[in-house]
Amino acid sequence: MLDRNNIPRHVAIIMDGNGRWAKKRLLPAAAGHNAGMKSMIEIVRHADDIGVEYLTVYAFSTENWKRSKEEVGGIFKLLVKYVDSQLRELMKNNVKVNILGDPSAFPGEAVQRLDKMASETKDNTDLVFNIAVNYGGREEIRRACESIGKDVRDGSLAPEDISEEEISRRLWTGMYDVPDPELLIRTSGEERLSNFLLWQCAYSEFVFADALWPDFTPEEMDKAIETYQKRNRRFGGR
Ligand code: FPP
């Protein structure tokens with residue numbers, strides 16, 4: 001049974017398996033991403049219902065550009081569709097959306113919708129829903145280093161003052177005051193971090209679910225959280 005008094009504050013999810021879900025049905029990858037979007041909508045609702053405070057999903061990695069133009073274009077279209085169909089519900093449920101990553105290289109239409117969703121929801125106070133797009137963990141750390149380097153050069157930051165907190169603050173998550181995730185879930189049976197939240201997952205519990213992302217239901221999410229709840233987090237202590 002899910003312990004409602006021990007819900008992780010921040011759950012991060014690598015939504016993997018859309019392609020295999022589509023392939024099993026002899027459908028194009030785009031059909032898998034479409035089904036994946038539906039699954040994501042259900043999981044956002046569920047996370048909000050059970051009291052998760054921060055939910056972060058990996059929607060497009062810096063490596064995803066290697067896929068066919070058709071597939072990548074389909075994901076951009078889906079982002080537009082997501083905002084157009086969901087913004088009203090996100091507002092109703094008081095969900096705040098942050099975009100992690102740098103979508104500036106996406107088509108204008110997608111950038112415009114992402115900006116609109118972030119700006120319209122910015123004062124909402126319930127679930128914080130972070131969507132990582134054109135996101136890479138190493139790139140995020142590199143940018144933090146660049147920004148620190150500039151401040152050191154300008155003399156506004158002393159090298160001795162480069163604390164872990166200072167680095168955290170300069171990550172995309174830090175810009176929105178998002179704490180580190182207690183739980184990271186990856187679906188589809190793969191057990192890799194794939195450049196997601198590298199710095200932030202230093203002490204996170206990892207739970208790997210066999211379900212392909214479009215088959216990942218709220219019940220599956222509860223199971224992953226139950227697995228997390230059974231673990232004994234020691235942070236290096238005894
Ligand atoms: C991984 O499955 C999934 C992605 C690369 C894209 C995730 C996108 C969505 C869930 C669509 C909705 C998102 C938004 C924000 C509208 P995969 O294609 O790598 O699966 P595979 O490993 O089986 O090929």
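Just so you know, ligand 1 is whichever comes first in the structure, and atom 1 is the first atom listed for that ligand. These numbers were taken from a predicted model, which means no experiment stands behind them.
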Minimum-distance protein heavy atom relative to [atom]:
atom                    : value
atom 7 (C) of ligand 1  : Ala59 O, 3.5 Å
atom 9 (C) of ligand 1  : Asn18 ND2, 3.7 Å
atom 19 (O) of ligand 1 : Arg67 NH2, 2.8 Å
atom 24 (O) of ligand 1 : Gly19 CA, 3.4 Å
atom 14 (C) of ligand 1 : Met40 CE, 3.7 Å
atom 11 (C) of ligand 1 : His33 O, 3.6 Å
atom 3 (C) of ligand 1  : Met15 O, 3.2 Å

Ring pair (Phe, Tyr, Trp, His ring centres under 6.0 Å) assessment of Phe129 paired with Tyr54: CA-CA 6 Å; Phe129 178 38; Tyr54 301 85; over 10 Å; no
Whether Ala29 lies under 4.0 Å from ligand 1, heavy atom: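 False for this residue.
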[X]-[Y] side chain donor-acceptor pair, cut-off 3.5 Å:
X      : Y      : result
Gln200 : Thr173 : yes
Ser194 : Arg186 : yes
Ser188 : Trp213 : no

Parallel, tilted or perpendicular, as decided by the 30° and 60° cut-offs, for the rings of Phe208 and Phe206: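 Geometry flag for Phe208 against Phe206: perpendicular rings.
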Subset of ligand 1 atoms that lie under 4.0 Å from at least one heavy atom of Tyr82: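 This gives 16 (C) as the contact atoms.
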Approximate separation, where rounding is to 0.5 Å, of Glu71 CD and Ile75 CD1: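 That separation rounds to 5.0 Å.
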Gap between atom CG of Leu55 and atom CE of Met40 - 0.5 Å precision: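 Atom-to-atom, Met40:CE and Leu55:CG are 9.0 Å apart.
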Which of these, [options], has its nearest heavy atom closest to [atom]?
atom                    : options                    : result
atom 12 (C) of ligand 1 : Gln86, Met37, Lys23        : Met37
atom 15 (C) of ligand 1 : Ile99, Leu79, Leu78, Asn64 : Leu79
atom 22 (O) of ligand 1 : Arg20, Met117, Arg113      : Arg20

Residues, nucleotides or ligands: over 12 heavy atoms within 6.0 Å of Glu164 CD: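 Atom CD in Glu164 is not packed in, count stays at 12 or less.
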Under 3.5 Å: N/O of Asp16 near N/O of ligand 1: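 Yes, since at least one N or O of Asp16 sits under 3.5 Å from an N or O of ligand 1.
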Ligand 1 N/O within reach of Ile131 N/O, cut-off under 3.5 Å: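 N/O-N/O distance under 3.5 Å: no.
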For ligand 1, the portion of Val57 having any non-hydrogen atom under 4.0 Å away: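 The answer is neither; Val57 stays 4.0 Å or more away.
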From CA spacing to verdict: ring pair (Phe, Tyr, Trp, His ring centres under 6.0 Å), Phe196, Tyr135: CA-CA 8 Å; Phe196 193 43; Tyr135 172 92; 5.8 Å; yes
Ring pair (Phe, Tyr, Trp, His ring centres under 6.0 Å) between Trp65 and Phe106, worked out: CA-CA 10 Å; Trp65 290 105; Phe106 286 7; 5.7 Å; yes
